[in-house]
Amino acid sequence: MEFFDIFVSILGSAVRLSIPLLFTALAGLFSERAGVFDIGLEGKMLAAAFASACAAYVTGSAWLGLLAGIGVSIVFSLVHGFASITNRGNQIVSGVALNFVAMGLTVVLGQAWFGQGGRTPQVPGEGRFAPIILPGADAMRDVPVIGPLYANVISGNNILTYIGFLMVPVAWWVLFRTRFGLRLRAVGENPGAVDTAGISVSWMRYRAVIVAGFLCGFSGTYLAIAQSAAFINNMSAGKGYIALAALIFAKWKPVPVMFACLLFGFLDAVANFMQGKSVPGIGEVPVQIFQALPYILTCVLLAGFIGVAHAPKAGGVPYVKER
């Protein structure tokens, strides 16, 4: 059972590490389905992490921290929308610019406000999202197979984890079973036809990037006051780009997005577990190799080894209304 216990531990860690990727990938799903490429997911996540940590530290409330993270992330989304939708600027350049702004601004403000080298002070316990023990978790812990899975993987997560998985069916329902989702997908495929039907392409795209900002607010908050207890300089560490890779891997579909994020989370969990461990027949492998696994997989996926992934036809192209 020792191997199974190790597997359960890695699986529980994988679930927790996949949540910021899941929120961010779903954010990109809404934005890109509407035809707006969002390289700025990384910046939104980082800005939301900083804002949530600051608000939670000052107010002592995790929920106010979440609200602050969502608010700042939506502001970044609106800036991206103003540049790429209203002014028809290059969406890639706008997103990269937001990433640089977030990376620099969080350090400058963190140093100016707290004087800790860009970090925020430790958030008190009441300012964090604590793990939730589900009913019967302790009683089932000794039940073979099912007990450890329920007690250590399903139970013991914070509320943002459960919200993250809940957002998968919600996103599927919104995109594929509502009028809003139909129009949003149509804007990403053929904005001219949508405009002819009397629907504002710009307004639909703005609503999509606002939803993206809303979800990135959750991912940043999770990093700062659920997974950690403070904001750390550049704590997103490329997760926004990995989420984009998961989105492409999943071919812009909500349920495959969840499994892609779980795969990346599992690789990250394996990397953490293998630090200082010896591999039979090889010996101790440098930890950097395991830490690079998620990024290696990202490069493999982006190189097209998963087959052709067709992005929305109008993705990345500013819409100019015909006169």
In short, Q122 meets A229 closest at the heavy-atom pair NE2-CB, 3.4 Å

Counting N and O atoms only, with roles assigned by atom type, does the side chain of Q91 sit under 3.5 Å from a partner on the main chain of F37, one being a donor and the other an acceptor?
-> yes

Check the side chains of T24 and S219 for a donor-acceptor pair under 3.5 angstrom, ignoring hydrogens and angles.
-> yes

Could you walk me through whether L149 and L11 pass the side-chain contact (heavy atoms from CB on, under 4.5 Å) check?
-> CA-CA 9 Å; L149 287 173; L11 194 59; 4.0 Å; yes

Any donor-acceptor pair under 3.5 Å linking the side chain of D38 with the backbone of G40?
-> yes

Any donor-acceptor pair under 3.5 Å from S73 side chain to G69 backbone | no

Neighbour count above 12 (heavy atom, 6.0 Å) for I10 CD1 = yes

How about F165 and I19: do any of their side-chain heavy atoms sit closer than 4.5 Å?
-> yes

Heavy-atom distance under 4.5 Å between the side chains of Q116 and P121, does that happen here?
-> yes

When rounded to the nearest 0.5 Å, the distance separating CG of L267 from CG of L262 is 11.0 Å

Would you please indicate yes or no on a ring centroid separation below 6.0 angstrom for Y57 and F231?
-> no

Over 12 non-hydrogen atoms of neighbours within 6.0 angstrom of CZ in F180 | yes

For V8 and V153 the tightest heavy-atom approach is O-CG2, 3.8 Å

Flag, side chain of R128 to backbone of S228, donor-acceptor distance under 3.5 Å = yes

Correct closest heavy-atom pair for L46 and S236 would be CD1-OG, 3.6 Å

Quick one: are T178 and L182 in side-chain contact, heavy atoms under 4.5 Å?
-> no

If you count the non-hydrogen atoms of other residues, nucleotides and ligands that lie under 6.0 Å from CD1 in I146, is the total more than 12?
-> no

Can you tell me how far CD1 of I85 sits from OG of S202, rounded to the nearest 0.5 angstrom?
-> 7.0 Å

Donor-acceptor pair, side chain of T106 and main chain of A102, under 3.5 angstrom | yes

Of all heavy-atom pairs linking K44 and S77, the shortest is NZ-OG, 2.9 Å

Gap between atom CD1 of I199 and atom CZ of R183 - 0.5 Å precision = 4.0 Å

State, with a plain yes or no, whether a side-chain heavy atom of M103 is found less than 4.5 Å away from one of V107.
-> no

Where is the tightest heavy-atom contact between G238 and E42, given as atom of each residue plus distance?
-> N-OE2, 2.9 Å

Rounded to the nearest 0.5 angstrom, the CG-CG distance for L175 and L26 is 9.0 Å

State whether the number of non-hydrogen atoms from other residues, nucleotides or ligands found under 6.0 Å of Y162 atom OH is greater than 12.
-> yes

Quick one: do L17 and L22 end up in the same hydrophobic cluster if we chain Ile, Leu, Val, Met, Phe, Trp and Tyr together by side-chain heavy atoms under 4.5 Å apart?
-> no

Checking N99 side chain against G43 main chain: does a donor-acceptor pair fall under 3.5 Å?
-> yes

Cluster check V257, V255: I/L/V/M/F/W/Y, side chain < 4.5 angstrom = yes

What's the spacing between T196 OG1 and N190 CG if we round to 0.5 Å?
-> 8.0 Å

T59 side chain to A55 backbone, donor-acceptor under 3.5 Å | yes

Ring geometry between W172 and F176 (parallel below 30°, tilted from 30 to 60°, perpendicular above 60°) = tilted

Using the side-chain contact (heavy atoms from CB on, under 4.5 Å) rule, take L109 and F114 through it: C-alpha gap first, then chi angles, then the decisive distance, then the call.
-> CA-CA 8 Å; L109 291 180; F114 305 111; over 6 Å; no

Would you call F76 and V72 a side-chain contact if the rule is heavy atoms closer than 4.5 Å?
-> yes

For residues V209 and F30, determine if any side-chain heavy atom of one lies less than 4.5 Å from a side-chain heavy atom of the other.
-> no

Any idea how F218 and F23 line up, ring-wise: parallel (<30°), tilted (30 to 60°), or perpendicular (>60°)?
-> parallel

R205 side-chain N/O to A34 backbone N/O, donor-acceptor pair under 3.5 Å = yes

Do I154 and V168 belong to the same hydrophobic cluster, where Ile, Leu, Val, Met, Phe, Trp and Tyr are linked whenever their side-chain heavy atoms lie under 4.5 Å apart, directly or via other members?
-> yes

Decide yes or no on side-chain contact (heavy atoms from CB on, under 4.5 Å) for L41 and C216, but give the supporting numbers first.
-> CA-CA 7 Å; L41 294 172; C216 280; 3.6 Å; yes

H80 backbone acceptor or donor facing S84 side chain under 3.5 Å | yes

Does the side chain of R33 come within less than 4.5 Å of K253's, by heavy atoms?
-> yes

Check whether Y222 and V211 end up in the same hydrophobic cluster, where Ile, Leu, Val, Met, Phe, Trp and Tyr are linked by side-chain heavy atoms less than 4.5 Å apart.
-> yes

Donor-acceptor contact present, side-chain S155 to main-chain N152, <3.5 Å | no

Rounded distance (nearest 0.5 Å) linking atom CG of L247 with atom SG of C261 = 8.5 Å

So if you build clusters from Ile, Leu, Val, Met, Phe, Trp, Tyr with side-chain heavy-atom gaps below 4.5 Å, do V75 and F214 land together?
-> no

From CA spacing to verdict: side-chain contact (heavy atoms from CB on, under 4.5 Å), I159, I132 = CA-CA 7 Å; I159 192 170; I132 299 173; 3.8 Å; yes

Heavy-atom closest pair (L160 atom, A226 atom, distance to 0.1 Å) is CD1-CB, 4.3 Å

Are a donor atom and an acceptor atom from the side chains of T86 and Y206 found within less than 3.5 Å of each other?
-> yes

